[in-house]
Amino acid sequence: LPAFDRLRETVWLRETTVLKEFGIRGDAPSQVPVYFSLVTMTSSFRSVDSKREEFRKYLEKAGILDVLTKVLVGLYEEPEKPANPLEFVQRHLHGGEPDSSDVETLRQEVTELRAKNAALEEENASLKAKVEQLEGQQGPGDQT
């Protein structure tokens, strides 16, 4: 852990400097605070590393890393780089452009459902009118 060694050296140098400023002489300053702070920092680094590794395994198990890798490789291999790489990634993440036959089928289905909805609204209005007419014929006191 070269970073850890550099950190330990930096902390030791800072503690030595502080002790010298207070007039304390000696080659090895008190190691207890330094050791405690380094152990605390090391455990937090391990905690972050273990969380990062756990998340990486989760992404790998779910297949997300493979999908992202394929999309990024596709972007890398694109002969003409797109002006908007984010749009490229978004478009390729969901499987590319939809088929024109799928789009046409969905449009036809929407048209049919709108017509059916309009017919049902007419039927509903007609039935409401009949209910009001029947309620008007019974009179206010009749409830059979």
Side-chain angles (χ1 to χ4, degrees), residues 1-136 138 140 143-144:
L1 295 171
F4 180 73
D5 291 337
R6 279 184 274 152
L7 178 65
R8 181 176 46 201
E9 183 178 321
T10 303
V11 171
W12 187 82
L13 288 174
R14 286 188 181 160
E15 186 177 348
T16 305
T17 304
V18 169
L19 290 175
K20 285 182 182 176
E21 286 178 10
F22 285 104
I24 301 172
R25 305 248 183 247
D27 292 337
S30 127
Q31 295 297 317
V32 176
V34 174
Y35 177 75
F36 177 74
S37 64
L38 290 177
V39 167
T40 304
M41 292 171 71
T42 303
S43 65
S44 68
F45 286 141
R46 287 184 188 144
S47 172
V48 170
D49 286 344
S50 66
K51 287 180 183 178
R52 186 176 294 147
E53 182 64 22
E54 182 180 322
F55 185 67
R56 188 195 62 76
K57 286 180 182 178
Y58 162 74
L59 292 176
E60 187 174 349
K61 184 178 179 182
I64 294 172
L65 288 180
D66 290 337
V67 172
L68 288 174
T69 302
K70 287 177 185 176
V71 170
L72 292 175
V73 166
L75 177 62
Y76 175 77
E77 292 175 347
E78 191 71 21
E80 292 183 28
K81 302 299 181 219
N84 188 348
L86 181 59
E87 184 180 305
F88 177 90
V89 170
Q90 289 173 338
R91 188 173 62 245
H92 286 82
L93 272 178
H94 71 78
E97 297 292 326
D99 292 337
S100 60
S101 62
D102 291 340
V103 171
E104 188 56 40
T105 302
L106 290 173
R107 284 186 180 151
Q108 184 178 359
E109 186 178 347
V110 167
T111 303
E112 291 170 2
L113 289 173
R114 286 182 178 159
K116 185 176 180 179
N117 186 41
L120 288 172
E121 285 178 351
E122 284 181 31
E123 182 182 354
N124 187 21
S126 171
L127 291 173
K128 282 182 180 180
K130 285 183 182 179
V131 168
E132 288 179 8
Q133 181 184 11
L134 290 174
E135 285 177 349
Q138 277 186 337
Q143 290 188 3
T144 51

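Residues: numbered from 1 along the sequence shown. What you see is a predicted model, and the numbers here were worked out from it, not measured in a lab.
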Please determine whether the number of non-hydrogen atoms from other residues, nucleotides or ligands lying under 6.0 Å from atom CD of Glu53 exceeds 12. yes

Any salt bridge (Lys or Arg N to Asp or Glu O under 4.0 Å) involving residues 58-69? Give me the pairs, sequence neighbours left out, ordered by first then second residue. Arg56-Glu60

Quick one: side chain to side chain contact (heavy atoms under 4.5 Å, CB included) partners of Glu122, sequence neighbours excluded? none

For residues 108-116, tabulate all N or O donor-acceptor pairs below 3.5 Å that involve a side-chain atom, not counting sequence neighbours.
residue, atom, partner, partner atom, Å
Gln108, NE2, Glu112, OE2, 3.4
Thr111, OG1, Arg107, O, 3.0

Can you name the residues that form a side chain to side chain contact (heavy atoms under 4.5 Å, CB included) with Asn124, not counting sequence neighbours? Lys128

Could you go through residues 71-83 and list every donor-acceptor pair under 3.5 Å that involves a side-chain atom there, pairing it with any protein atom two or more places apart or in another chain?
residue, atom, partner, partner atom, Å
Lys81, NZ, Leu75, O, 3.3
Lys81, NZ, Tyr76, O, 2.5
Lys81, NZ, Glu78, O, 2.9

Interatomic distance, Glu104 atom CD to Leu106 atom CG [nearest 0.5 angstrom]: 9.5 Å

As an exercise, state the distance from CG of Asn84 to CD of Gln90, rounded to the nearest 0.5 Å. 7.5 Å

Applying side chain to side chain contact (heavy atoms under 4.5 Å, CB included) to Glu123 and not counting sequence neighbours gives Leu120, Leu127

